[in-house]
Amino acid sequence: MVHSQAGIPTRIVEIGRRWDTPGTDGKMLCGTVQPGKRPMWLTDRTAQPVSDFMGFGIDKDWFESTPRCRSTRTARETAHRSGCTPEFVPNVYDLEHMRQEAAGIVNPSALNGEVICGDNAGEKSLDKTWRAQAAATGLLTVTPLHRVTAVAPAAGGGYSVKMGQIDEQGGVVLGKATDNYRRVPEYPGLYVVDGALAPGNVGVYPFVTITALAERNMERIIATDIR
């Protein structure tokens, strides 16, 4: 944001999706427990368990009674049995807002797992603050679903950056592994003629479609590659 506001054209290379692309649930951001491939490099689950963290100024009666903080209370009891003395620590959560969430006064956000990856109900979430401000300058370019593969000094100053495109399904992006006629770049005479050329699911096993694509590809290959 600082570079954009200073008038410097800036590019962000994002290994995941753009932050303004909603998931299947219609929300821009996701919960920590079920990321749904939005953050964390297109994974659909977190790498470790998630706990609730509480801080100063908490209503102790609410903390002891709400089902939302059961995991934290269990952790405290386990710590006591192990001879440890746990204590509340400060944090960035608005506990009063969390109490309203638990009471059904406002839409659940922090108590719905929308913490680490953003908060759809939060007015100060990054997607609504510095990210939006940076995009508003018109100087920010975001390149999603790409991975930087090499960086080297460029002639005349600056750097040369090489990137590879990412296929969310785990395959290789069409036009990168092969061209549209299934020729492998830099390897003359090598072809990958299969059903991957189809842009999506065509229903039942498409053996006729695969055969038709193979015939179409080979017609071009014979006409242009074989002497």
Side-chain angles (χ1 to χ4, degrees), residues 3-4 8-31 34-47 117-118 126-127 131-132 134-227:
H3 282 79
S4 300
I8 302 173
T10 305
R11 178 182 294 271
I12 294 178
V13 180
E14 174 57 62
I15 195 172
R17 301 172 182 168
R18 279 186 62 98
W19 65 80
D20 54 1
T21 302
T24 55
D25 57 4
K27 294 182 178 181
M28 296 298 178
L29 305 173
C30 65
Q34 296 178 320
K37 293 189 176 182
R38 272 171 277 180
M40 294 179 284
W41 299 281
L42 304 175
T43 60
D44 55 12
R45 64 179 181 177
T46 53
C117 301
L126 294 182
D127 61 312
R131 286 176 172 174
T137 65
L139 298 174
L140 175 66
T141 300
V142 181
T143 304
L145 296 174
H146 278 73
R147 178 185 288 109
V148 174
T149 57
V151 178
Y159 292 88
S160 173
V161 179
K162 291 184 178 181
M163 298 182 290
Q165 190 173 356
I166 296 172
D167 179 2
E168 292 191 56
Q169 305 303 317
V172 180
V173 178
L174 181 63
K176 302 294 184 181
T178 71
D179 64 10
N180 285 332
Y181 290 92
R182 312 311 282 167
R183 293 175 287 207
V184 180
E186 302 180 6
Y187 292 91
L190 179 60
Y191 311 98
V192 182
V193 184
D194 62 3
L197 186 59
N201 188 349
V202 295
V204 296
Y205 184 71
F207 66 92
V208 175
T209 302
I210 293 174
T211 302
L213 287 171
E215 291 180 352
R216 171 254 194 190
N217 295 340
M218 293 310 299
E219 183 177 354
R220 171 60 67 91
I221 291 169
I222 291 172
T224 59
D225 294 13
I226 298 177
R227 298 290 185 266

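The first residue in the sequence is number 1, and the count goes up from there.
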Within the structure provided, determine whether I12 and T141 are in side-chain contact (heavy-atom separation under 4.5 Å). no
So how far is it from L139 CG to S4 OG, rounded to the nearest 0.5 Å? 6.0 Å
Could you note down all residue pairs passing side-chain hydrogen bond (donor to acceptor under 3.5 Å, both in side chains) where residues 212-223 supplies at least one of them, sequence neighbours left out? Y181-R220
Mind checking side-chain hydrogen bond (donor to acceptor under 3.5 Å, both in side chains) for T143 and listing every partner two or more places apart, or none if nothing turns up? R11
Sequence neighbours excluded, the answer for side chain to side chain contact (heavy atoms under 4.5 Å, CB included) partners of L190 is V184, Y187
Please give me the minimum heavy-atom distance between A135 and L140, naming the atom from each residue. N-CD2, 3.9 Å
Check residues 156-163 and write down every donor-acceptor pair under 3.5 Å in which the side-chain atom is one partner and the other belongs to a residue at least two apart or another chain.
none

Do R183 and T224 have side chains that approach each other closer than 4.5 Å (heavy atoms only, starting at C-beta)? yes
